[in-house]
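Before any comments, here is the structure.
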Amino acid sequence: VHGGKQLNYNYYNYFKMSAMAGVYIGTIIFFILGVIGCFGVGYLVTQKTQNRQEKFENRSIATTGVTIAVVCMWLMWVSTYMHQMNPIIEPILELSLIHI
């Protein structure tokens with residue numbers, strides 16, 4: 001009770017949002033790394049390719065490779081992060097499921 005009024009804090013939603021904030025921040029970081037990687041690889045491939053006709057093809061293949069790599073790394077990271085948010089310490093066995 002604070003000042004004659006009861007304060008109603010929903011701690012569950014607070015902790016839920018704070019845990020998801022890590023997922024949001026990590027996703028933004030992976031997105032930024034992906035954009036930087038795509039531009040960087042595109043620039044390097046364009047500089048290294050001598051044939052003018054092959055520049056676009058090589059750049060698109062390299063950019064696709066970087067995009068796939070970043071998405072796969074993000075999926076591994078987000079699955080690992082979210083599995084640690086609510087770990088199962090030990091199995092919970094219900095006695096009603098045991099038939100002797």
Side-chain angles (χ1 to χ4, degrees):
V1 179
H2 182 266
K5 294 183 179 179
Q6 182 178 1
L7 296 177
N8 186 11
Y9 291 110
N10 193 346
Y11 289 108
Y12 175 74
N13 285 335
Y14 173 76
F15 287 117
K16 184 177 167 185
M17 288 304 295
S18 66
M20 289 303 292
V23 174
Y24 297 142
I25 292 170
T27 301
I28 291 169
I29 290 171
F30 271 98
F31 180 77
I32 291 169
L33 289 176
V35 169
I36 291 171
C38 285
F39 280 116
V41 164
Y43 176 75
L44 289 175
V45 168
T46 303
Q47 295 299 319
K48 296 289 183 180
T49 305
Q50 299 296 328
N51 189 353
R52 192 162 207 233
Q53 294 174 343
E54 295 176 356
K55 282 187 180 186
F56 177 74
E57 292 176 8
N58 291 344
R59 186 174 51 218
S60 64
I61 290 171
T63 303
T64 303
V66 168
T67 303
I68 291 171
V70 170
V71 167
C72 289
M73 287 188 294
W74 176 80
L75 280 172
M76 284 298 296
W77 172 80
V78 79
S79 65
T80 303
Y81 186 87
M82 292 182 82
H83 283 295
Q84 293 176 12
M85 288 169 65
N86 190 12
I88 298 176
I89 304 301
E90 60 187 33
I92 301 169
L93 181 63
E94 294 182 19
L95 296 177
S96 63
L97 297 176
I98 300 175
H99 300 289
I100 297 177

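For this chain, numbers begin at 1 and follow the sequence in order.
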When the side chains of residues 29-44 are checked against the rest of the protein, which donor-acceptor pairs come out under 3.5 Å, sequence neighbours left out?
none

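- One hydrophobic cluster holds both Trp74 and Tyr81 under the rule that ILVMFWY side chains link at heavy-atom gaps under 4.5 Å.
- Residues meeting the side chain to side chain contact (heavy atoms under 4.5 Å, CB included) test with Glu54, sequence neighbours left out: Thr49, Asn51, Asn58.
- Remark: Gln53 CD is loosely packed, at most 12 non-hydrogen atoms of other residues, nucleotides or ligands lying under 6.0 Å away.
- Tyr24 and Met73 fall within the same hydrophobic cluster, defined by Ile, Leu, Val, Met, Phe, Trp and Tyr side-chain heavy atoms under 4.5 Å apart, directly or through other members.
- Ser60 pairs by the side-chain hydrogen bond (donor to acceptor under 3.5 Å, both in side chains) definition with nothing, not counting sequence neighbours.
- Between Val70 and the choices Ile68, Val66, Thr67, the side chain to side chain contact (heavy atoms under 4.5 Å, CB included) rule is met once, by Val66.
- Across Trp77 and Thr27, no two heavy atoms sit closer than the pair CZ3-N, 4.1 Å.
- Separation of atoms CZ (Arg59) and OG1 (Thr46) is listed at 4.0 Å; rounding is to 0.5 Å.
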